[in-house]
Number of protein chains: 2
Amino acid sequence: MTTAQADLRADTRARLEQVALDLFTAEGFERVTADEIAEAAGISRRTFFRYFPTKADAVWGDFAGHVARLEARLAATSPAQPVLASICAAYLEVNDYPPAQLPLLQQRMRLILGEPALQAHSQLRYADVDRAVAAHVARRTGVAPAALVPRLVATSTRAAATTAFEVWLNGGGPLADGLRRAFDELAAGFPALLAAPGH
Amino acid sequence: MTTAQADLRADTRARLEQVALDLFTAEGFERVTADEIAEAAGISRRTFFRYFPTKADAVWGDFAGHVARLEARLAATSPAQPVLASICAAYLEVNDYPPAQLPLLQQRMRLILGEPALQAHSQLRYADVDRAVAAHVARRTGVAPAALVPRLVATSTRAAATTAFEVWLNGGGPLADGLRRAFDELAAGFPALLAAPGH
DNA sequence: AACGCTAGTGACACCCGGTGCCACAGGCAA
DNA sequence: TTGCCTGTGGCACCGGGTGTCACTAGCGTT
């Protein structure tokens, strides 16, 4: 009801997601065929593609909801708060997962950031995030969403978030810390670059 | 000789590129089949895939050379220059095309930034750029290339460059100006965000 | 001239992701 | 019972990409 093809049995979908995720993690995304996922989940290939428009989409969970929450957070920020800080806060809140869900998030992100095919696919998903952030910046600054600054802020803040995820996956401390550090660097024009000049 | 499968007749390759580019521009990337490109160029489908590993790769010209030039520029920058400025300078020099080549560049970029499938594919190509820039930052700051700051600088400067290209394609003035503006915003922590608070 | 080597090519079969179509089963309301 | 609506499977098909084999043209040897 919510979107186009998203009203089939929700439990089937969840099971399908987990089966796919586990297979991808174990064998690698490209080496798992849609047939194998379907068979492992006890359904037909055709049905698999009714739940997910693409093999890659099985990795993303409810990403549309994620973007919607981000948009809501952005819309709810106080006009008194600096724009960049409001974006940082929204990213932090939206990515504040309960500890029990961290392993799943880690599994998803390891695939998305590690598998080339998914890395490519992610660009399509992230475009929605960028649109939301750019619209927020445009609203706050009174500039057109297609102008340089809104676009630039959207893509580079997303770059910050992605980088924080990568560092987190590589054992670089809590995700929230990474996000804050990345946004701080961004907001200050990369002060860390002045630390050790030359080599 | 240079790379793996890149030693077939260079003129055939160039003709193939232009044929593919024109077809993609006219009909849209997804609506043009490899068969059609091959037929229009007077070769077989199989041969097309010997020149380009992927339909998408027909759009990129000599991107490996582009990355190599960027790397060389980065390596040649003075240690006295601020890191961000050195990256900006490298991007500017590498993208300083003679006016005669601008229409071709525009055609390529319009496809890469406009067609979803190519947008996704671009992520794989840009990964090389990011690696080069991150290595440069790591060299200059004495930090590991996989650390947060090098990664973040690499992805957000590339975001700046991409945004400048988008603005350029939409008629927002010369490419070099857009690049400089984008890097200036980045280096100063987005001062334009403070221009008009509230809405 | 005949030989052999190599590079580029085409044809074919095949795999896989994705889609359109039809047929079927189950639940549920009239 | 009849009808509808939802989820499902099967099948054929398209298109991107690959492995393999056979053919040709060029070229240097002898």
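All values below come from the heavy atoms of this structure, side chains included, with hydrogens, waters and symmetry mates left out.
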Roughly how many Å is it from [atom1] in [X] to [atom2] in [N], rounded to a whole number?
{"X": "A:R31", "N": "C:dC16", "atom1": "CZ", "atom2": "P", "result": "12 Å"}
{"X": "B:I43", "N": "C:dG10", "atom1": "CD1", "atom2": "P", "result": "6 Å"}
{"X": "A:D11", "N": "D:dT6", "atom1": "CG", "atom2": "C1'", "result": "14 Å"}
{"X": "B:F48", "N": "C:dA11", "atom1": "CZ", "atom2": "P", "result": "17 Å"}
{"X": "A:E36", "N": "C:dC16", "atom1": "CD", "atom2": "P", "result": "8 Å"}
{"X": "B:D57", "N": "D:dG17", "atom1": "CG", "atom2": "C1'", "result": "12 Å"}
{"X": "B:R9", "N": "C:dT6", "atom1": "CZ", "atom2": "P", "result": "18 Å"}
{"X": "B:F24", "N": "D:dG15", "atom1": "CZ", "atom2": "C1'", "result": "13 Å"}

(request) Using only heavy-atom distances, determine whether the side chains of A:S86 and A:H136 contain a donor-acceptor pair under 3.5 Å. (result) yes

Closer than 4.0 angstrom, basic N to acidic O: yes or no for [X] and [Y]?
{"X": "A:D184", "Y": "A:R181", "value": "no"}
{"X": "A:E17", "Y": "A:R13", "value": "yes"}
{"X": "A:E36", "Y": "A:R31", "value": "no"}

(request) Please state whether the rings of A:F48 and A:F52 are parallel, tilted or perpendicular, taking 30° and 60° as the class boundaries. (result) tilted

(request) Please check the phosphate of D:dG9 (OP1 and OP2 only) for any side-chain N or O of A:T47 closer than 4.0 Å. (result) yes

(message) Please confirm whether the shortest side-chain N or O distance from A:Y51 to OP1 or OP2 of D:dG7 is below 4.0 Å.
(response) no

(request) Please check if atom CD in A:E39 has more than 12 non-hydrogen atoms from other residues, nucleotides or ligands closer than 6.0 Å. (result) no

(request) Can you establish whether the number of heavy atoms outside A:R158 located under 6.0 Å from its atom CZ is more than 12? (result) yes

Let's see if you can work this out: which of [options] has an atom nearest to the side-chain heavy atoms of [X]?
{"X": "A:T54", "options": "C:dG18, D:dT8, D:dG16", "value": "C:dG18"}
{"X": "A:F49", "options": "C:dG18, C:dG8, D:dG16", "value": "C:dG18"}
{"X": "A:T12", "options": "D:dT8, C:dG17, D:dT18", "value": "D:dT8"}
{"X": "A:T33", "options": "C:dC16, D:dG9, C:dG18", "value": "C:dC16"}

(request) Using the side chain to side chain donor-acceptor pair (under 3.5 Å) rule, take B:N170 and B:E166 through it: C-alpha gap first, then chi angles, then the decisive distance, then the call. (result) CA-CA 6 Å; B:N170 291 347; B:E166 284 175 351; over 6 Å; no

Below 3.5 Å between N/O atoms, which protein atoms pair up with nucleotides 20-26 of chain D? Just atom names and distances, please.
none

(message) Counting only heavy atoms and a strict 4.0 angstrom limit, can you tell me which residues of residues 108-124 of chain A come near DNA chain C?
(response) none

(request) Kindly write out the residues that satisfy ring pair (Phe, Tyr, Trp, His ring centres under 6.0 Å) with A:F24, not counting sequence neighbours, or none if the list is empty. (result) A:F29

